[in-house]
Colleague: 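Structure incoming, see below.
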Amino acid sequence: MRARITGTGSYAPAKVLTNADLEGMVATSDEWITERTGIRERRLAASGEACSDLAVKAAERALIAAGIRAEDLDLILLATCTGDYPLPATACLIQHQLGAVRAAACDISAACCGFVYALSIADAYIRTGMRHVLVIGSEVMSAIIDWTDRNTCILFGDGAGAAVVSAGNDDRGILSTHLRSDGELWDLIAIPGGGSRLPPSEKVVAEKMNCIKMKGNETFKVAVRMLEEIARETLAANALRVEDLDLYVPHQANVRILKAVAGRLGLPLDKVMLNLDRYGNTSAASIPIALDEAVQQGRIREGSLVMLGAFGAGLTWASALLRW
Ligand code: UT7
């Protein structure tokens with residue numbers, strides 16, 4: 001029994017925020033953002049549009065692509081750090097909206113690695129008897145951004161991506177998943193206020209402690225090392241080489257990180273899926289959006305060897321190897 005992605009879908013809100021728009025908001029420039037990050041524009045959710053709204057649209061597309069009904073789902077896993085409410089899990093709202101009447105539902109909190117963590121959980125459940133698991137990454141990062149902080153506000157965007165993972169009997173599917181964490185580095189990327197350590201208060205909001213803070217430069221260096229290490233580990237675990245890969249679909253945080261990782265691995269850039277120029281960093285949604293675009297563009301076909309690679313707050317880092 002092997003777990004296989006049988007359908008993908010994605011959704012990005014209509015509103016576009018360009019680098020030129022940001023020039024009017026903080027002391028930055030289109031040139032700086034493009035050169036240092038590779039991002040040119042990002043999408044923003046409309047007022048009142050929440051995480052579950054984006055997720056449901058991506059999920060409906062993935063269900064159609066997989067050719068199954070919501071009623072067929074056994075489990076819905078939503079990777080997010082920007083759920084609709086602190087309680088309940090946003091996955092339950094999605095379960096209701098989709099009409100997935102038989103499905104269990106919960107959220108996975110692993111920041112930008114959330115989709116790969118959730119995929120790994122789906123893989124384990126399929127191997128132990130489930131038939132269909134819906135894995136979603138959906139984020140409204142614009143809700144947790146300090147729009148006066150140029151270190152972070154230029155980086156992030158909103159969006160959702162989804163994948164149906166189903167049981168299959170052939171050799172295709174998820175070959176292996178690899179998950180890591182190092183909580184010693186928790187404060188490289190964090191939202192310091194609004195949780196049980198520092199509950200919501202006027203002070204928390206006034207000091208923007210309910211917004212994401214990041215030590216970008218330190219994160220950058222660790223990210224390159226982690227992505228390279230886990231990619232090598234993943235290939236070694238499957239007795240495969242970098243040359244065997246058809247496409248690397250990494251978390252879309254910074255094009256310079258991804259160029260550095262590709263260079264260290266000896267992977268040509270045309271085998272790296274890049275779409276951060278149009279979406280920015282959409283945290284847990286970035287890999288499933290990129291995966292769906294790669295499928296739509298025909299860059300992933302039956303038999304393709306695809307590696308996913310993620311890193312993010314926690315710190316966490318993760319990878320998955322798939323035979324499509
Ligand atoms: O998904 C979560 C994982 N997060 C990431 O992967 C983020 C990883 N980090 C990065 O992508 C990069 O570190 C950034 C894009 C965040 C920053 O790029 P950098 O090359 O590391 O710049 P820096 O932080 O070292 O800052 C260089 C300079 C500083 O000015 P001084 O001190 O040299 O005068 C910053 O104040 O650039 C300045 N700066 C900016 N200038 C114009 C920082 N942000 C901006 C900005 N526009 N938006």
Side-chain angles (χ1 to χ4, degrees), residues 17-42 79-82 108-117 137-142 144-159 161 180-183 185-192 211-231 249-262 264 272 274-277 279-290 308-319:
L17 184 75
T18 64
N19 291 350
D21 295 331
L22 282 160
E23 286 178 351
M25 297 161 66
V26 287
T28 192
S29 66
D30 174 34
E31 191 190 0
W32 193 96
I33 301 171
T34 307
E35 272 179 17
R36 297 288 183 119
T37 71
I39 300 165
R40 294 182 183 277
E41 59 185 44
R42 65 289 290 144
T80 191
C81 61
T82 54
I108 302 296
S109 175
C112 305
C113 286
F115 181 80
V116 181
Y117 265 64
S138 179
E139 301 281 14
V140 180
M141 298 302 286
S142 57
I144 57 163
I145 285 170
D146 172 359
W147 289 102
T148 65
D149 176 12
R150 71 175 182 173
N151 291 304
T152 52
C153 76
I154 56 136
L155 297 172
F156 296 99
D158 302 338
R180 291 293 169 74
S181 70
D182 183 0
L185 300 174
W186 72 272
D187 67 343
L188 288 190
I189 311 168
I191 299 175
C211 296
I212 191 163
K213 315 279 178 210
M214 185 171 71
K215 296 175 183 167
N217 200 270
E218 286 169 61
T219 306
F220 188 110
K221 289 173 197 153
V222 186
V224 172
R225 187 163 45 82
M226 287 169 170
L227 283 174
E228 183 199 357
E229 273 176 21
I230 206 155
V249 183
H251 170 48
Q252 309 281 311
N254 186 315
V255 75
R256 288 188 296 132
I257 292 177
L258 301 181
K259 281 184 177 168
V261 173
R264 284 170 175 228
V272 182
L274 295 171
N275 66 1
L276 81 175
D277 56 324
Y279 298 110
N281 179 346
T282 57
S283 187
S286 90
I287 288 180
I289 293 173
L308 314 183
F311 68 95
L315 288 185
T316 52
W317 61 111
S319 76

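Predicted, not measured: the structure shown is a model, and the values here were computed from it. Both ligands and their constituent atoms are indexed starting at 1 by order of listing.
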Colleague: With a cut-off of 4.0 Å, which atoms of ligand 1 are near a heavy atom of Thr37?
Modeller: 15 (C)
Colleague: Regarding Glu41 and Thr18, is there a side-chain donor-to-acceptor distance under 3.5 Å anywhere?
Modeller: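 Glu41 vs Thr18: no donor-acceptor pair found between side chains.
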Colleague: Do other residues, nucleotides or ligands put more than 12 heavy atoms under 6.0 Å from Trp147 CH2?
Modeller: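 Yes, the 6.0 Å shell around CH2 holds more than 12 heavy atoms from other groups.
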Colleague: Just do the side-chain contact (heavy atoms from CB on, under 4.5 Å) check on Thr282 and Met141 with the steps written out, would you?
Modeller: CA-CA 7 Å; Thr282 57; Met141 298 302 286; 5.6 Å; no
Colleague: Would you say atom 34 (O) of ligand 1 touches the protein, meaning some protein heavy atom is under 4.0 Å from it?
Modeller: no
Colleague: Any idea which protein heavy atom is nearest atom 8 (C) of ligand 1, and the distance to it?
Modeller: Gly216 O, 3.6 Å
Colleague: Can you sort out which atoms of ligand 1 are near Ile154, meaning under 4.0 Å from one of its heavy atoms?
Modeller: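 Those atoms are 48 (N).
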Colleague: Tell me, do Leu17 and Met25 make a side-chain contact under 4.5 Å, heavy atoms counted?
Modeller: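 A side-chain contact exists here, since the closest heavy-atom pair is under 4.5 Å.
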Colleague: Tell me the protein heavy atom at minimum distance from atom 29 (C) of ligand 1, and give that distance in Å.
Modeller: Arg150 NH2, 4.8 Å
Colleague: Atom 10 (C) of ligand 1: which protein heavy atom is closest, and how many Å away?
Modeller: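 Answer for atom 10 (C) of ligand 1: Asn254 ND2, 3.5 Å.
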Colleague: Heavy-atom contacts with Phe311 under 4.0 Å: which atoms of ligand 1 show up? List them by number with element.
Modeller: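 Counting atoms of ligand 1 from 1, those under 4.0 Å from Phe311 are 3 (C), 6 (O).
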Colleague: Work out whether the distance between some heavy atom of Ala223 and some atom of ligand 1 is less than 4.0 Å.
Modeller: no
Colleague: Please find the pair of heavy atoms, one from Ile39 and one from Asn19, that lie closest to each other, and give the distance.
Modeller: O-ND2, 2.8 Å
Colleague: Heavy atom of Ala313 under 4.0 Å from ligand 1?
Modeller: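 False for this residue.
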Colleague: For ligand 1, which atoms sit closer than 4.0 Å to a heavy atom of Thr219?
Modeller: 3 (C), 4 (N), 5 (C)
Colleague: What protein heavy atom lies closest to atom 1 (O) of ligand 1? Include the residue and the distance to one decimal.
Modeller: Asn281 ND2, 2.6 Å
Colleague: May I ask whether atom 27 (C) of ligand 1 is less than 4.0 Å from at least one protein heavy atom?
Modeller: yes
Colleague: Return yes when atom NZ of Lys213 has more than 12 non-hydrogen atoms of other residues, nucleotides or ligands closer than 6.0 Å, and no otherwise.
Modeller: yes
Colleague: Which protein non-hydrogen atom lies closest to atom 22 (O) of ligand 1, naming both residue and atom, and how far is it?
Modeller: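 Checked against all protein heavy atoms, atom 22 (O) of ligand 1 sits closest to Arg36 NH1, 3.4 Å.
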Colleague: One pair to check against side-chain contact (heavy atoms from CB on, under 4.5 Å): Val26 and Cys153. What are the steps and the verdict?
Modeller: CA-CA 9 Å; Val26 287; Cys153 76; 3.9 Å; yes
Colleague: Heavy-atom distance under 4.5 Å between the side chains of Arg42 and Leu22, does that happen here?
Modeller: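 Yes - at least one pair of side-chain heavy atoms lies under 4.5 Å apart.
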Colleague: Could you pull out the closest heavy-atom pair between Phe311 and Ala253, with the gap in Å?
Modeller: CZ-CB, 3.8 Å
Colleague: Which of these, Leu258, Leu276, Leu308, sits in a side-chain contact (heavy atoms from CB on, under 4.5 Å) with Pro250?
Modeller: Leu258
Colleague: Identify the closest protein heavy atom to atom 39 (N) of ligand 1: which residue and atom is it, and at what distance?
Modeller: Trp32 CZ2, 3.4 Å
Colleague: What about Arg256: any of its N or O atoms under 3.5 Å from an N or O on ligand 1?
Modeller: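 Yes.
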Colleague: Are the side chains of Asn275 and Gln252 in touch, meaning some heavy atoms are under 4.5 Å apart?
Modeller: yes
Colleague: Should the proximity of Ile189 to ligand 1, defined as any heavy atom under 4.0 Å, be assigned to the side chain, the backbone, both, or neither?
Modeller: side chain
Colleague: Please assess Leu155 against Met214 for the test side-chain contact (heavy atoms from CB on, under 4.5 Å), listing each intermediate value before the final yes or no.
Modeller: CA-CA 11 Å; Leu155 297 172; Met214 185 171 71; 3.2 Å; yes
Colleague: Would you mind listing which atoms of ligand 1 come within a distance below 4.0 Å of any non-hydrogen atom of Cys112?
Modeller: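 Under 4.0 Å from Cys112, ligand 1 has these atoms: 1 (O), 2 (C).
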Colleague: Who's the nearest protein heavy-atom neighbour of atom 47 (N) of ligand 1, and how far?
Modeller: Thr28 OG1, 2.6 Å
Colleague: Heavy atoms only, cut-off 4.0 Å: how does Ile257 contact ligand 1, side chain, backbone, both, or neither?
Modeller: side chain
Colleague: Tell me which one of Val224, Asn217, Asn151 gets a heavy atom nearest to atom 23 (P) of ligand 1.
Modeller: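 It is Asn217 that holds the nearest heavy atom.
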Colleague: What atoms in ligand 1 come closer than 4.0 Å to a heavy atom of His251?
Modeller: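 Once the distances to His251 are compared, the set is 1 (O).
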Colleague: Heavy-atom distances under 4.0 Å are what count here, so tell me which part of Ala27 touches ligand 1: side chain, backbone, both or neither.
Modeller: backbone
Colleague: Would you call Phe220 and Arg256 a side-chain contact if the rule is heavy atoms closer than 4.5 Å?
Modeller: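 They are in contact (side-chain heavy atoms under 4.5 Å apart), so the answer is yes.
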Colleague: Sub-3.5 Å donor-acceptor pair from the side chain of Arg150 to the main-chain atoms of Ala27, do we have one?
Modeller: yes
Colleague: How far is atom 7 (C) of ligand 1 from the closest protein heavy atom, and which atom is that?
Modeller: Met214 CE, 3.5 Å
